[in-house]
Every structure is written in structure tokens, then in C-alpha cells.
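What follows is a set of notes on a single structure, which appears directly below.
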Amino acid sequence: MALCNRFLRFPLLLLSAMAAPAQQTAPIVQPGAPGQPSKLLTGSSVWIQPKAPFKADVEFMQGMIMHHQQAVDMVALLRIHGKSPALQAFGEKISISQTDEIGFMKRWLESRGKPTTMEMDHSHMSAAGMKNMKMNMLMPGMLTPAQMAALTKARGARFDHLFLTGMIQHHGGALTMVDELFKTPGAAQDPVLFDFATDIDATQSAEIKIMRGMLDKEKK
């Protein structure tokens, strides 16, 4: 009798297991460092539910994409308006590294289901309000439209001078953004983002010193 009961219970247990909802899991995509491909984590890591990215981290990446893009645009002007071959070679290094980092930041955001640009609500804005919003969207250190216009019009040695002063200002803004990120409670806990922001701080601090040295040579 007991044996019969065991066999009667088995189909019920099997049906119960089949009816149970499957555990919702998602693979983890780890964006590669600048210049390196993304990696799909395998093994037990695949079954770890990824944490939602911290809001300040997302906004930092979105803002830094915009910030980097202006630096790339400045170097594009340097190629045709600049005079110093040394400055042009230096500018190319900035463009290559920051273009690569833009790709990295976009992959980081996309792998976490976040947009690569900041979302703004324009539904109730006047034309004047939208103009002010665009001005306020400039990240720290970014050149204003007037500064970019002056850079576009300049040629030769004058261009080189404006490029150096503008890029020093620009890099200084990036350092401010990193500092603000690290001061935000709960931010930069993602180890990939932490390493990336730390690298920005170190690289752009070193480049500021180089550009200041170039400006000093102009005075001699």
C-alpha cells in the first residue's frame, strides 16, 4: 500500500516541478576596457542577476560621452587649422583615446539597458527654455558655443593657442566630473566604472601638464 502511494505521488511531484516558473536570470556582459572587446561571463557568473546601475554612474557615463565628443571635434579642427606639428600629433593621441573611450562608455550603458544620451523632457518647454537647457547641459569644462565659434574661425598660431587653453579647460572639467562622481554617496561601486574614471583622472591630469608646457614654450 505504501509503495502504491509513493507511485501515486510521483506524477504529482513531476507536474508540480514542470508547472513551477523558471528562474529569471540574465547573462552578464562585461564591457572591455578601452581598446578591448566586451566579454560574456561564463560559468556560475552567468546565473548572477546583475544589479541595476547606480543613477549617478549612468549620468556620469552619459555626460562623459558628450564631453569626449567635443574634444574629438576640437581635434578635427586642429587637423585643418593648426600650425604646430607637435600639437597636431598630441591632438591625434587625444582623439584616438577619447574615441575609443566613447565606444567603451556606450557599451557599458547598452549592456545595462541604459540610453547613451541623457533623457530630457521637452514636452512643456518654451523655445527660450530649451535654449537655456542646452546651455545648462554643457558638462564642466566644455567649451561654450561662442568659444567653439572662435576656435573654428582661428588659424595658425592663434588657433594653436586657443586649442591649448580650450583643451586645458576641457580636461579640467573632466577631472571635476570624476571628483563629483567619487564624492557622490553610493556611486562608482562598479569596479569597471571605478577603474575607468580613475584612468581618466590620471591620463587627463598628465595631459594638462603637457599642454601647459606647450603654452610656456609659446611665451619664449
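Computed over heavy atoms, backbone and side chain alike; hydrogens, waters and symmetry mates excluded.
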- request: Identify the heavy atoms of Asp57 and Ala188 that sit nearest to each other, and give their distance.
  value: OD1-N, 2.8 Å
Expected output: side-chain Glu101 to main-chain Thr99 donor-acceptor under 3.5 Å: no
message: Treating Gln147 as the side-chain partner and Thr144 as the backbone partner, does any N or O pair qualify as donor plus acceptor under 3.5 Å?
response: yes
Donor-acceptor under 3.5 Å (Asp160 side chain, Lys83 main chain): yes
query: Are any of the side-chain heavy atoms of Val178 and Phe60 separated by less than 4.5 Å?
result: yes
- request: Examine distances only and state if a side-chain atom of Thr184 and a backbone atom of Ala187 form a donor-acceptor pair shorter than 3.5 Å.
  value: no
- prompt: Would a 4.5 Å heavy-atom cut-off, applied to side chains only, mark Gln62 and Met66 as touching?
  reply: no
- request: Describe, in one word, how the ring planes of Phe196 and His68 are oriented to each other, choosing from parallel (under 30°), tilted (30 to 60°) and perpendicular (over 60°).
  value: tilted
- prompt: Any donor-acceptor pair under 3.5 Å linking the side chain of Thr203 with the backbone of Ile200?
  reply: no
query: Ile65 and side-chain contact (heavy atoms from CB on, under 4.5 Å): which partner among Met118, Met139, Lys106?
result: Lys106
- prompt: Do the charged groups of Asp179 and Lys183 touch, with an N to O distance under 4.0 Å?
  reply: yes
query: Short question: side chain of Ser97, backbone of Ile94 - any donor-acceptor pair under 3.5 Å?
result: yes
Donor-acceptor contact below 3.5 Å, side chain Gln204 vs main chain Ala174: no
- request: Classify the angle between the aromatic ring planes of His81 and Phe159 as parallel (below 30°), tilted (30 to 60°) or perpendicular (above 60°).
  value: perpendicular
- prompt: If only atom types and distance count, is the side chain of Glu110 paired as donor or acceptor with the main-chain N or O of Pro115 below 3.5 Å?
  reply: no
field: Close side-chain approach of Met211 and Phe90, heavy atoms under 4.5 Å
entry: yes
field: Test applied, side-chain contact (heavy atoms from CB on, under 4.5 Å); reference residue, Ser95; option that passes from Asp100, Val75, Leu78
entry: Val75
message: According to a hydrophobic-cluster definition based on side-chain heavy atoms being under 4.5 Å apart (Ile, Leu, Val, Met, Phe, Trp, Tyr only), do Val72 and Leu162 belong together?
response: no
task: Measure the shortest side-chain to side-chain distance between Arg158 and Phe163 over non-hydrogen atoms and say whether it is less than 4.5 angstrom.
output: no
- request: Decide yes or no for Arg79 and Gln88: does some side-chain heavy atom of the first lie under 4.5 Å from some side-chain heavy atom of the second?
  value: no
- prompt: Should Leu143 and Leu77 be counted in the same cluster of Ile, Leu, Val, Met, Phe, Trp and Tyr side chains packed under 4.5 Å apart?
  reply: yes
field: Test item: Pro145 and Leu138 side chains (from C-beta on) under 4.5 Å apart, heavy atoms
entry: yes
message: Do Glu218 and Leu164 make a side-chain contact, defined as non-hydrogen atoms from C-beta onward lying under 4.5 Å apart?
response: yes
